[in-house]
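Heads up: the structure comes next, in structure tokens.
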Amino acid sequence: MMVKYLLPTGLRGIVVAGLLSALMGSLAGVFNACSTLFTVDIYQKVRPLATQHQIVRTGRIATIIMVLIAMAWIPVVKGAPGLYNYLQTVQGYLAPPIFVVFFFGVFWNVLMPRVASGP
């Protein structure tokens with residue numbers, strides 16, 4: 001609202017271009033991270049002898065799949081009462097399991113000394 005009503009026309013375009021470039025940079029980072037996680041943590045474990053070309057192609061396919069999932073999720077987000085409430089609800093569902101996994105990852109050697117040290 002502030003950009004629409006308070007800024008002059010020329011400055012409004014620059015601010016909107018900056019906001020859109022920040023959004024695109026954020027989305028590019030998310031998609032890059034998702035494809036890297038899939039390619040390095042899953043694909044290379046399943047196919048350890050994959051060539052660099054196959055790994056790059058798999059990363060691109062993973063990115064395309066993530067974009068399609070994100071596009072399919074748009075109606076769900078639009079149906080929410082508000083973006084902030086939706087994000088807080090999703091974070092409420094995701095935060096506890098993420099905390100548990102992080103907690104066990106940090107304290108695994110303390111909690112399970114025999115399993116961590118091996119036979």
Side-chain angles (χ1 to χ4, degrees):
M1 296 296 279
M2 288 175 49
V3 171
K4 185 176 181 180
Y5 293 112
L6 293 179
L7 293 177
T9 304
L11 194 56
R12 187 182 314 158
I14 293 173
V15 169
V16 169
L19 290 172
L20 287 176
S21 65
L23 175 67
M24 293 302 293
S26 175
L27 288 175
V30 167
F31 291 135
N32 183 33
C34 288
S35 69
T36 301
L37 280 172
F38 174 77
T39 305
V40 172
D41 292 342
I42 296 173
Y43 183 74
Q44 282 189 332
K45 302 288 190 257
V46 173
R47 298 195 179 232
L49 300 177
T51 65
Q52 191 69 27
H53 178 71
Q54 292 171 328
I55 293 170
V56 170
R57 187 180 67 225
T58 303
R60 290 178 180 167
I61 293 170
T63 302
I64 290 169
I65 291 170
M66 287 303 300
V67 169
L68 293 175
I69 290 171
M71 289 172 57
W73 201 256
I74 290 173
V76 175
V77 175
K78 281 183 131 180
L83 183 60
Y84 181 77
N85 290 335
Y86 174 75
L87 291 175
Q88 291 302 313
T89 303
V90 170
Q91 184 179 2
Y93 286 121
L94 294 178
I98 290 173
F99 168 75
V100 169
V101 169
F102 180 77
F103 180 80
F104 277 116
V106 170
F107 295 108
W108 184 256
N109 288 337
V110 176
L111 297 172
M112 302 288 199
R114 283 191 191 168
V115 176
S117 63

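Side chains are part of it too, since the values below use all heavy atoms of this structure and drop only hydrogens, waters and symmetry mates. Computed from a predicted structure; not experimentally measured.
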Minimal heavy-atom distance between K45 and V40, with the atoms involved, is NZ-O, 4.1 Å
Answer yes if V90 and V76 sit in the same cluster of Ile, Leu, Val, Met, Phe, Trp and Tyr residues linked by side chain heavy atoms under 4.5 Å apart, and no otherwise.
yes
Cluster question for you: counting only ILVMFWY and a side-chain heavy-atom cut-off of under 4.5 Å, with indirect links fine, are V15 and L20 together?
yes
Can you list everything that forms a side-chain contact (heavy atoms from CB on, under 4.5 Å) with F107? Sequence neighbours excluded, please.
F103, L111
List in chain and number order the residues that pass side-chain contact (heavy atoms from CB on, under 4.5 Å) with R60, two or more places apart in sequence or in another chain; answer none if no residue qualifies.
V56
Are any side-chain N or O atoms of T39 and backbone N or O atoms of T36, one a donor and one an acceptor, separated by less than 3.5 Å?
no
Same cluster (ILVMFWY, side-chain, under 4.5 Å), Y86 and Y93
no
Just by distance, do the side chain of T58 and the backbone of Q54 share a donor-acceptor pair under 3.5 Å?
yes
Do L11 and V16 sit in one hydrophobic cluster, given that two such residues count as connected whenever their side-chain heavy atoms are within less than 4.5 Å of each other, even indirectly?
yes
Nearest 0.5 Å, please: how far is CE in M24 from CG in L19?
13.5 Å
Correct closest heavy-atom pair for S35 and G59 would be CB-O, 3.4 Å
L37: which residues meet the side-chain contact (heavy atoms from CB on, under 4.5 Å) condition with it, sequence neighbours left out?
D41
What heavy-atom pair brings V3 and R12 nearest, and what distance separates the two atoms?
O-NE, 3.4 Å
Can you measure from CD1 (I64) to CD1 (I69) and round to the nearest 0.5 angstrom?
12.5 Å
Applying the 4.5 Å side-chain criterion to the ILVMFWY set and letting contacts propagate, would M71 and F31 be lumped into a single cluster?
yes
d(L68 CG, T63 OG1) to nearest 0.5 Å is 11.0 Å
Any non-hydrogen side-chain atom of M2 less than 4.5 Å from a side-chain atom of L7?
no
